Engineer: 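Have a look at this one before I ask anything.
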Amino acid sequence: MATATPLPTPLARLSQPVAEWVESVRALTQPADVYWCEGTDAEREEFTARLVRDGELTRLDPEQFPDCHLYRSNPADVARVEHLTYICTRSKEDAGPNNNWMEPQAAHAKMRELFRGCMRGRTLYVIPYCMGPVDSPLARCGVEITDSTYVALNMLIMTRAGRPALERIAREGTFVRGLHSVGELDPNRRFIMHFPEELSIESFGSGYGGNALLGKKCHALRIASWQAREEGWLAEHMLIVGLQSPKGETHYVAAAFPSACGKTNLAMLIPPESMPGWKVFTVGDDIAWLHPGADGRLWAINPEAGYFGVVPGTNRETNRNAYDMIRRDTLFTNVALTADNQPWWEGLPSGSPRIDWQGRPFDPARGPAAHPNSRFTVSARRNPSYSPHADDPRGVPISAIIFGGRRREVAPLVYEARSWAHGVLVGASVASETTAAAVGQVGVVRRDPMAMQPFCGYNFADYWRHWLTVGGKLARPPRIFHVNWFRRDPQGKFLWPGFGENLRVLAWMLERCADKARAVESGIGLLPQPKDLDTAGLDVSPERLSALLSVDAELWRKEVAETRAYLSKYGGRIPAEMWAELEKTAAALG
Ligand code: OXD
Ligand code: MN
């Protein structure tokens with residue numbers, strides 16, 4: 001006689017701590033109903049259909065963009081809000097001068113009043129998720145509660161969400177609690193609070209990106225950076241990419257650039273035709289969790305399962321992989337529409353916008369058609385260059401770490417740090433022109449150490465000390481480099497073509513890691529000479545190459561003085577090794 005397959009345990013009964021927390025949130029927020037996410041494809045389809053029915057999503061041209069949709073956010077809710085983002089540690093010094101701080105009890109009290117009754121008439125979604133492959137010891141779990149179907153749908157794409165994550169939580173007992181409500185989307189009643197000592201997040205009043213998809217910046221960077229310090233690893237704002245040389249050797253590099261400075265493009269790079277035999281594999285485009293391995297190397301996983309990428313500028317020339325990837329199964333946010341219902345954004349060489357990102361007839365006098373921070377949400381598996389090791393529970397070994405920023409001048413195309421300790425100083429000294437990824441003025445140079453200024457969940461000085469400690473545990477540490485793809489000539493034109501051509505710089509780094517390429521010492525670190533880079537087929541004159549690799553001692557003395565002033569803000573907490581490295585650089589520059 002056939003036996004019936006037992007019904008799976010209802011999600012609400014899998015983990016008692018999760019169930020108790022959900023019940024306490026339900027009592028506070030008073031939703032009309034509670035829905036536990038299984039994380040299945042059918043559920044994703046159902047959420048999409050619901051949003052279309054409610055008029056929140058628009059289906060795009062099914063011929064050209066099958067299963068793609070457009071979502072328009074509230075025009076006052078289009079980017080991360082760093083000024084409303086807080087780290088709430090018991091001691092203010094633990095949050096550091098790099099963070100807004102609020103005393104935890106005061107923050108909880110404030111948020112409780114905002115959350116009280118805020119989900120009346122709405123569905124409360126419970127989204128258990130795992131950051132990293134569910135079977136990886138390097139992964140960590142969380143649960144987001146939200147009252148936004150759009151946020152729930154994004155989380156199902158961006159993380160490994162649903163039953164397997166909750167089963168892991170039930171086994172392990174620990175999870176990050178993320179409570180989110182869009183509230184009334186009122187910028188005056190908007191806060192993103194982090195409680196690293198409690199592994200919890202409370203976010204109210206925004207439905208956009210890093211403010212609302214709590215697995216991403218809030219958990220995988222701010223809370224995870226704290227957790228990583230306690231457990232001996234690093235949570236970083238880095239892409240991870242595998243580079244296979246024509247000889248068939250694959251090396252992985254991790255690169256930290258500030259938001260909207262080309263991480264997704266570098267992670268999905270297409271080798272130029274003049275560099276035959278190279279292959280590129282994407283592991284991650286935004287966040288890396290780096291763990292010292294038993295073999296003395298640093299091993300990395302991408303905690304995310306999808307991309308929340310900046311749309312404007314994406315085209316067949318700049319990033320063909322991304323361009324192809326977002327032609328199906330993609331959720332667009334705040335792009336424009338053509339007359340035939342296709343998505344449109346600045347940087348597309350064809351088509352023209354009819355409706356702008358706010359749903360109004362397009363009028364160039366009102367600014368760009370697509371919002372400069374418009375985004376695509378898409379599963380990483382749709383990436384044609386998805387690495388076969390992206391789901392490897394061990395992660396991938398990292399040969400090189402790259403820091404970079406968007407600088408018109410000062411920083412050369414590439415240089416290598418003298419040592420791990422010098423590399424930590426190089427990372428800590430990163431400065432970059434601001435972009436539309438966060439609310440505020442665009443194009444002003446600001447310090448963005450390790451590209452973590454908006455994301456480090458504790459005092460930067462303690463974070464740099466932790467970097468030095470992790471380096472001390474590595475018998476085979478990655479080499480550390482700094483790049484600047486954005487240097488300009490006196491007329492303001494970019495000196496370097498960027499995109500696929502960046503592979504030439506990466507190839508030099510890999511040769512350095514294998515002790516095969518030359519470099520010359522300069523005051524700031526080790527630089528290639530133009531002849532050390534593979535320039536076959538590259539349309540850049542020798543003069544431009546020299547300009548790109550030049551170090552202006554005068555400008556650098558100023559840079560060192562600015563770095564000294566910046567680090568001084570952290571007082572006696574700055575590790576002595578960092579001052580020693582800065583003085584070495586200062587002495588070498590004369
Ligand atoms: C992002 C960001 O969305 O860094 O990745 O702002
Ligand atoms: Mn980012």
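Whatever order the structure lists ligands and atoms in, that order sets their numbers, starting from 1. As the structure is a computational prediction, the values presented were derived from the model and not from experiment.
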Engineer: State plainly whether the residues R487 and E409 are in salt-bridge range, i.e. N to O under 4.0 Å.
Structural biologist: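 Salt bridge flag = no for E409 with R487.
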Engineer: Under the side chain to side chain contact (heavy atoms under 4.5 Å, CB included) test against F455, which residue among R80, M450, K216 passes?
Structural biologist: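 One option only clears the test, and that one is R80.
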Engineer: Show the protein residues that qualify under the rule heavy atom under 4.0 Å from an atom of ligand 1, listing them in chain and number order.
Structural biologist: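 For ligand 1, the contacting residues are R80, K216, K217, H237, S259, D286, R375, A437, F455.
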Engineer: Ignoring hydrogens and angles, state whether a donor on the side chain of N154 or T377 is under 3.5 Å from an acceptor on the partner side chain.
Structural biologist: yes
Engineer: Using a 6.0 Å distance limit plus a 45 degree cone around the ring axis, check whether R488 lies over the aromatic ring of F494.
Structural biologist: yes
Engineer: Is it the case that more than 12 heavy atoms not belonging to E317 sit under 6.0 Å from its CD atom?
Structural biologist: no
Engineer: Quick one: is the NZ or CZ of R316 closer than 6.0 Å to the six-membered ring centre of Y323, and within 45° of its axis?
Structural biologist: no
Engineer: Which residues and atoms, counting only protein N, O or S, are under 2.8 Å from the Mn ion (ligand 2)?
Structural biologist: K217 NZ, H237 NE2, D286 OD1
Engineer: Would you call E82 and R190 a salt bridge, taking side-chain N to carboxylate O under 4.0 Å as the test?
Structural biologist: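 Looking at E82 and R190, the cut-off is not met.
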Engineer: Applying side-chain hydrogen bond (donor to acceptor under 3.5 Å, both in side chains), name anything that partners N98, two or more places apart in sequence or on another chain.
Structural biologist: none
Engineer: Taking only residues two or more places apart in sequence, or in another chain, which ones meet E231 in a side-chain hydrogen bond (donor to acceptor under 3.5 Å, both in side chains)?
Structural biologist: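 Testing E231 for side-chain hydrogen bond (donor to acceptor under 3.5 Å, both in side chains), a comparison that skips the adjacent residues, returns R140, W233.
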